[in-house]
Amino acid sequence: MEQLRHIPAIHTLQKQDKFSYIEETHSLPRAKLTAWLGEIVDLMRKQILAKDITLDLADESLLLEYIFEKLTKKVDDHLQSNKLQRVINATGVVLHTNLGRARLSEQAIKQISETAENYSTLEYNVKTGKRGSRHDIIENYLTELTGAEAAIIVNNNAAAVFLVLKALAENKEVIVSRGELVEIGGSFRISEIMAESNARLVEVGTTNKTNVADYERAINEETGLILKVHKSNFALIGFTAETDTDALVKLANKFDIPLYDDLGSGTLYDFKQEQIGFEPTVKEKINSGIDLVSFSGDKLLGGPQAGIIVGKKVFIDQLKQHQLARVLRVDKFTLAGLEATLKAYEMGTEKEIPTIRDIITSEETIKNRAQQFLQNIHDLNSDFHFSMERDLSRVGGGTMPTVELKTYVIQVKHKQLSSEKIAEKLRHNKIPIIVRVKNEMIQLDFRTIDEKEMAELTEAFLQIGERN
Ligand SMILES: *Cc1c(COP(=O)(O)O)cnc(C)c1O
C-alpha cells in the first residue's frame, strides 16, 4: 500500500517536459496520451499489489523514466501498426481468404491508383459528353471473354447469389440438389441466403445423387429458378452422380425456367490445360446453355473482391433494374482493378496475373527460390536448422479442394525455440510472416513468396537469430 503512494498523479505526469515533447513531436491528441498514461499507471498499480514489479519506486527520476518509456512504446506501436497491414504469405496457399485472397497485377494496382488520384469516366461518356453507366465499363470485356450476352458486377459473389434469388425468384420456388446445399467459409449458407431472399427452397435428390428426373418432378407453376451450386470447398467421392448439364439445360428450356449456376471461383483461364484440376471455364459453362453464371472477382480470376454475373440479356436486365443492384453496386476502385485484370485476359497476358502465375509456377522455379533462401541464410545462425523438402501446396479460397500442387518447402527447426515460438516470432516481425505448420514443423512454401519478399524473409530470420 505504501508503495502505491509513489505513483505520480496523471496531472503531474502531464506537466513533465517529456509529456509535452511527445505530444508535440507526434501531434497526437492530448486525450489519447492521457488515456495511455492512465493505462500504464493502472497496470503498475496491479503489478505493485501483486508484488510483480522490480522497480525502485522511491527513486522518482527512475520511476518517471519507466513511465515515459512505456508511453513512448505505446506511441510507437500506435504509429507503426496499421490494422490492415501487408504480410508475407509463406503458407503456399495462393488464395488465402484470411490473408486477402488475390494479389492484384501491376496493371490493376496502377489503374486503381490512377482512379483514386484523379477524376474519371465512372459514369460519364466522353464521346457524347453525356452521362454514362458504370455497368458499361467492363460489360464488353466480360461478354467477349465468356461468350455471354450481358454482365453485371456486384460487391462479391455472395451478393450476386442474393441478387439473382431476389430479382428472379422472390416468393417463388428454387430447386436445388441436396448435394449442393453448401456452406462456404465465413458462414455463407445457401439455405440461409435463400430464406433471406424470400425464395422458397425446394430440395431434390439425395446428398450423393441427384438426376434430372428429380428436378423435373419438383417443377410446378411456382418454380422461379433452378440453382446449381459449385461444391467449392469439398469433394463428393464414391457412389455419386451429379446431373448432366446438358440434360438440365434441356429441362430448363422445356419449362422456360431460368437456370443459374453459382460457380464460386469461376475461372477464365483453363487450368485443365496445365493438368491442374477439372474446373470448367466460365465460357464453357455459358456455351453449355446455362442462363446465368456468377463467380468471385478475387478467387481464380485474380482480381479485386467482386461478384460477377454473366448470362442472357433478359435476365441480366432484370438484375440491373432491381433496387438491390444499387445497394450492391461496386465502387470505382473495384471497377478499375477489374478492368485492368480483364484486360490482361483479353491481351493474352493472364499468366502475369499473380494468382494464375502462382498456381501454375513450376516446381523448378519454386525449388530455385528455396535454394536461393538457403544460400541467403547460409551460416547466419547455427541455432537454426533449415532443410529443403518436397511438399504440396493448395490453391485455397475454397477453390479446387482436391488439387495438390507440387512444391518445395524449407523446414525450419531451432535448437531452443519450439515451432510455435518460431511461428510467433515470425508473426511479430515488422512485416508479419505467416507460415505453414505441418506435423508441428514450420514450413516456408516458396510458391507464394516473390522476389521482393525473399530479402525480407532473410532479414527476418537474421533478426530473430540475433535476438536469440
Ligand atoms: C466463394 C463462394 C461464394 C462466395 O463468394 P464471395 O465472393 O466470397 O462472396 C459463393 N458461392 C460459392 C460456391 C463459392 O465458392
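Whatever order the structure lists ligands and atoms in, that order sets their numbers, starting from 1.
Few gaps surround NZ on K209; more than 12 heavy atoms of other groups in view lie less than 6.0 Å from it.
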Please give the N or O to N or O pairs under 3.5 Å between ligand 1 and the protein, distances rounded to 0.1 Å.
residue  : atom   : partner : partner atom : Å
ligand 1 : 5 (O)  : S296    : OG           : 3.2
ligand 1 : 7 (O)  : N157    : N            : 2.9
ligand 1 : 7 (O)  : S296    : OG           : 2.6
ligand 1 : 8 (O)  : R101    : NH1          : 3.0
ligand 1 : 8 (O)  : R101    : NH2          : 3.0
ligand 1 : 9 (O)  : N157    : N            : 3.2
ligand 1 : 9 (O)  : A158    : N            : 2.9
ligand 1 : 11 (N) : D262    : OD1          : 3.4
ligand 1 : 11 (N) : D262    : OD2          : 2.7
ligand 1 : 15 (O) : S232    : OG           : 2.4
ligand 1 : 15 (O) : K299    : NZ           : 2.8

**OP:** Go through the steps to decide whether Y215 and I257 satisfy the test side chain to side chain contact (heavy atoms under 4.5 Å, CB included), and finish with yes or no.
**Re:** CA-CA 12 Å; Y215 284 96; I257 295 167; over 6 Å; no
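Proximity of a side-chain donor or acceptor of E363 to a complementary backbone N or O of T407 within less than 3.5 Å is not detected.
The aromatic rings of F373 and F446 sit tilted, their planes meeting at an angle between 30° and 60°.
Looking at N157 and S294, their side chains do bring a donor and an acceptor atom within 3.5 Å of each other.
Counting only residues at least two apart or on different chains, the ring-ring contact (aromatic ring centres under 6.0 Å, His included) pairs with a member in residues 241-277 are Y269-F271.
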